[in-house]
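Just below is one structure, and these are the notes that go with it.
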Amino acid sequence: MARLRRGRAVEVGRRNIWIIGLVWAFVGGICSLLIAEFFQNHTADEYVDYYGSDVFRNAVSVAETGLTVLGTLDQSPDEPCSASDVEAMRSIVFSVPFLADVGRLQDGKLVCTGIWGELAAPVTMPPRSKVIAVNGTILWKATDGIVPAGLTADMASFGNSVVMTEPSAFARYEHPESRLAALVLTHDGSHIFQSFGETEGLPQLLGQKSDWYRLARRRVYSRCNDHVDVCVVAAYNAPPMFRAAPFDFLLVLAGGVAVGGGIGLWHARLYRESLSWRYKLQRALDDDRLIVHYQPIVRLTDNTLRGAEALVRLVDFDGTMIPPDQFIPAAETCGFIRQITRSVVRQTLLDMAAHLSADSSFYVSINVAAEDILSPDFLLFLKSETEDYGIAAGQVALELTERSTASHDRLTEAMEAFNRRGYKILIDDFGTGYSNLAYIARMPITGIKVDRMFTQALDQQAIGGVIVSKVCEIAEALDVTLICEGVETREQAATLLAIYPEVCAQGFLIGRPMPAEAFSHAFPAASHAEGV
């Protein structure tokens, strides 16, 4: 049941991590597409601005040219349609670009032009398209059949003069890209000079312009001239990125998802680390996310399994294993150490019950805090648990670190109570603390565990062997068991055996910390007494 609850809690934690990662990946993908969309809009704005400004410059040039010619003709001293007047108009036609012809009007009829001279039969002008109120210029849009050649032209007249714009004036804009369109029109939009592409809805966009921060497929260019009644509105309907450049779209999306996922993992890590130890420990205890691994302890002389140390691990909410040196100090500070110790005792006795029953000389050692030893309740709890499982008190060893800051006198008195009950007491990490050897001699201990730093020193320098040798002398003088931690090589084991034949070893050479199932498989309970 506890394992099931722990599994569910870890599953929920991992799911939360995945949710954080997926949310950030989704946000990253969306942000990357938005950024790509902004860049695409910027490119589209540059495109439509270039096209629209080119049309605008051309339209203004044509309009200004027409107005200049009309002003020149209106002020001409020559008799309208006289030989000199026709010659002057012909000169204008041949010297001014984009003019198809210029002529004179009389009573609403075209009577002569620069190209055709005086017409044999005056031509009645069609109904006007627009009158510009500012200067009274009359406009005609795409009129044909006026001159003998039957050309289609836009016309503008002022007074008795008329100019006809050549169709080629806007020829290069007549077939724009399918998504591009433009209109040349008056300020009020009532008269359209030229139109290019699909211009539906463009007049309503006059005066508008696409803002860089607005995400819109239609990008708009709009501009009016202050001196002549000419405006241009152009639009470009930018295609979706996944259609215009599918490979780039997938690349941008994948990059955004990857970056977002990376940020999500970073965020999840920060979230995990930001949780207070009090909260994390409380949740871990509530979800039963404390697990116990076991590391074998072997007597080197006959390679016999003598015991196992219970090593608690905290499974974080995302399934990450947190070693005791990280959370035990926090548990002591936050006041959870008693609860954790009791949980480890229960789990250890449950896991090792078969081994303890099969071999009365086999023991399990459990790390405890000075606070546990000083608590009378813990002694009663331990007595109750061992009796429930039918386990002898001598098969339970309590490991107490030498670095304990508790009062030595109080601690010694409390340890004697456990010793009288039959429980073994080991001094852990011997040699790393600041305890006086006189106090150690007075304590009712049954064993000393040498810290791995001294065991590792055996391979590095001769002084390491000297230190271990002295500790062995202390163990022999106190008549207690000596256990060396951190034995990883056969050379270290051989050196220890040579220094102290009765030494017990614990380390990777013997076995790594492992779950109870793996321990039972590696060290079957029935084979303890026969050696391993």
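Keep in mind that what you see is a predicted model, and the values were worked out from it rather than measured.
Of the candidates T65, V163, V102, V163 is the only one forming a side-chain contact (heavy atoms from CB on, under 4.5 Å) with L70. Residue V232 is tested with V60, V184, L185 for a side-chain contact (heavy atoms from CB on, under 4.5 Å); the sole match is V184. Checked against R104 for a side-chain contact (heavy atoms from CB on, under 4.5 Å), the options L73, T113, V86, L110 give a single hit: L73.
A salt bridge links D54 to R172: at least one charged side-chain nitrogen sits closer than 4.0 Å to a carboxylate oxygen.
For V93 against A100, the heavy-atom pair with the smallest separation is CG1-O, 4.0 Å. Here the shortest heavy-atom pairing between Y173 and Y51 reads O-OH, 3.6 Å. Scanning both residues, R223 and Y221, for their nearest heavy atoms gives CD-OH, 3.3 Å. Contact detail for L509 and A493: the closest heavy-atom pair is CD2-CB, 3.9 Å. A pairwise comparison of heavy atoms in G207 and S222 identifies N-OG, 2.7 Å as the closest pair. Shortest non-hydrogen contact noted between G159 and D74 is CA-OD1, 4.4 Å.
In this structure, the side chains of L206 and C231 come closer than 4.5 Å at one or more pairs of heavy atoms. Looking at heavy atoms from C-beta onward, M89 lies in side-chain contact with C112 at the 4.5 angstrom threshold. Annotation: side chain of S76 is in contact with side chain of D85 (closest heavy-atom distance under 4.5 Å). A heavy-atom distance below 4.5 Å is found between the side chains of E488 and Q456. In this structure, the side chains of P203 and L183 come closer than 4.5 Å at one or more pairs of heavy atoms. Using a 4.5 Å cut-off on side-chain heavy atoms (C-beta onward), Y236 and V220 make no contact. Using a 4.5 Å heavy-atom threshold, the side chains of W140 and R128 count as touching. Counting heavy atoms from C-beta on, the side chains of L285 and L290 come closer than 4.5 Å.
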Are F519 and D351 close enough, and set up right, to give a side chain to side chain contact (heavy atoms under 4.5 Å, CB included), and what steps lead you there?
CA-CA 10 Å; F519 188 93; D351 290 340; over 6 Å; no

Pair L119, K109 - check side chain to side chain contact (heavy atoms under 4.5 Å, CB included), show working.
CA-CA 10 Å; L119 302 179; K109 296 181 179 181; over 6 Å; no

Evaluate the side chain to side chain contact (heavy atoms under 4.5 Å, CB included) criterion for residues L205 and L202: first the C-alpha distance (whole Å), next the side-chain angles of each, then the deciding distance (0.1 Å), finally the verdict.
CA-CA 5 Å; L205 300 178; L202 277 189; 3.8 Å; yes

Output, in order, the C-alpha distance, side-chain angles, deciding distance and verdict of side chain to side chain contact (heavy atoms under 4.5 Å, CB included) for L99 and E166.
CA-CA 5 Å; L99 285 184; E166 196 174 71; over 6 Å; no

Pair D372-T341, side chain to side chain donor-acceptor pair (under 3.5 Å): steps then yes or no
CA-CA 8 Å; D372 296 314; T341 302; 2.7 Å; yes

Mind running side chain to side chain donor-acceptor pair (under 3.5 Å) on Q295 and Q506 for me, showing each step along the way?
CA-CA 7 Å; Q295 189 170 29; Q506 178 181 347; 3.0 Å; yes

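D428 CG to K449 NZ: the interatomic distance, rounded to the nearest 0.5 Å, is 5.5 Å. Here the CG-CZ distance, from N225 to R57, works out to 13.0 Å after rounding to the nearest 0.5 Å. In this structure, M125 CE and M155 CE are separated by 3.5 Å, a value rounded to the nearest 0.5 Å. Note: R313 CZ to F327 CZ = 8.0 Å, rounded to the nearest 0.5 Å. Atom OH in Y294 sits 9.0 Å away from atom OG in S520 (nearest 0.5 Å). Separation of atoms CD (E399) and CD1 (I366) is listed at 9.5 Å; rounding is to 0.5 Å.
N58 places a side-chain N or O within 3.5 Å of a backbone atom of A169 that can act as its donor or acceptor partner. Counting only distance, with no hydrogens or angles, the side chain of R90 and the backbone of G114 share a donor-acceptor pair below 3.5 Å. The main-chain N or O of V344 is found under 3.5 Å from a side-chain atom of T348 such that the two form a donor-acceptor pair. Side-chain atoms of S95 come within 3.5 Å of backbone N or O of S91 as a donor-acceptor pair. In terms of modelled atom types and a separation under 3.5 Å, the side chain of R289 and the main chain of V315 share a donor-acceptor contact. Between the side chain of S343 and the backbone N or O of Q339 there is no donor-acceptor pair closer than 3.5 Å. Between the side chain of S129 and the backbone N or O of K141, at least one donor-acceptor pair lies under 3.5 Å.
Residues forming a ring pair (Phe, Tyr, Trp, His ring centres under 6.0 Å) with F56 (at least two apart in sequence, or on another chain): none.
A donor and an acceptor atom, one from each side chain of Y47 and E177, are located under 3.5 Å apart.
Legend: salt bridge (Lys or Arg N to Asp or Glu O under 4.0 Å) pairs involving residues 326-345, not counting sequence neighbours, sorted by first then second residue: R338-E371. Among residues at least two apart or in separate chains, side chain to side chain donor-acceptor pair (under 3.5 Å) pairs with a member in residues 186-205 are K130-D188, K130-S190, D154-Q194, T186-D188, H187-D229, D188-S190.
Open room surrounds CG on D107; 12 or fewer heavy atoms of other groups in view lie less than 6.0 Å from it.
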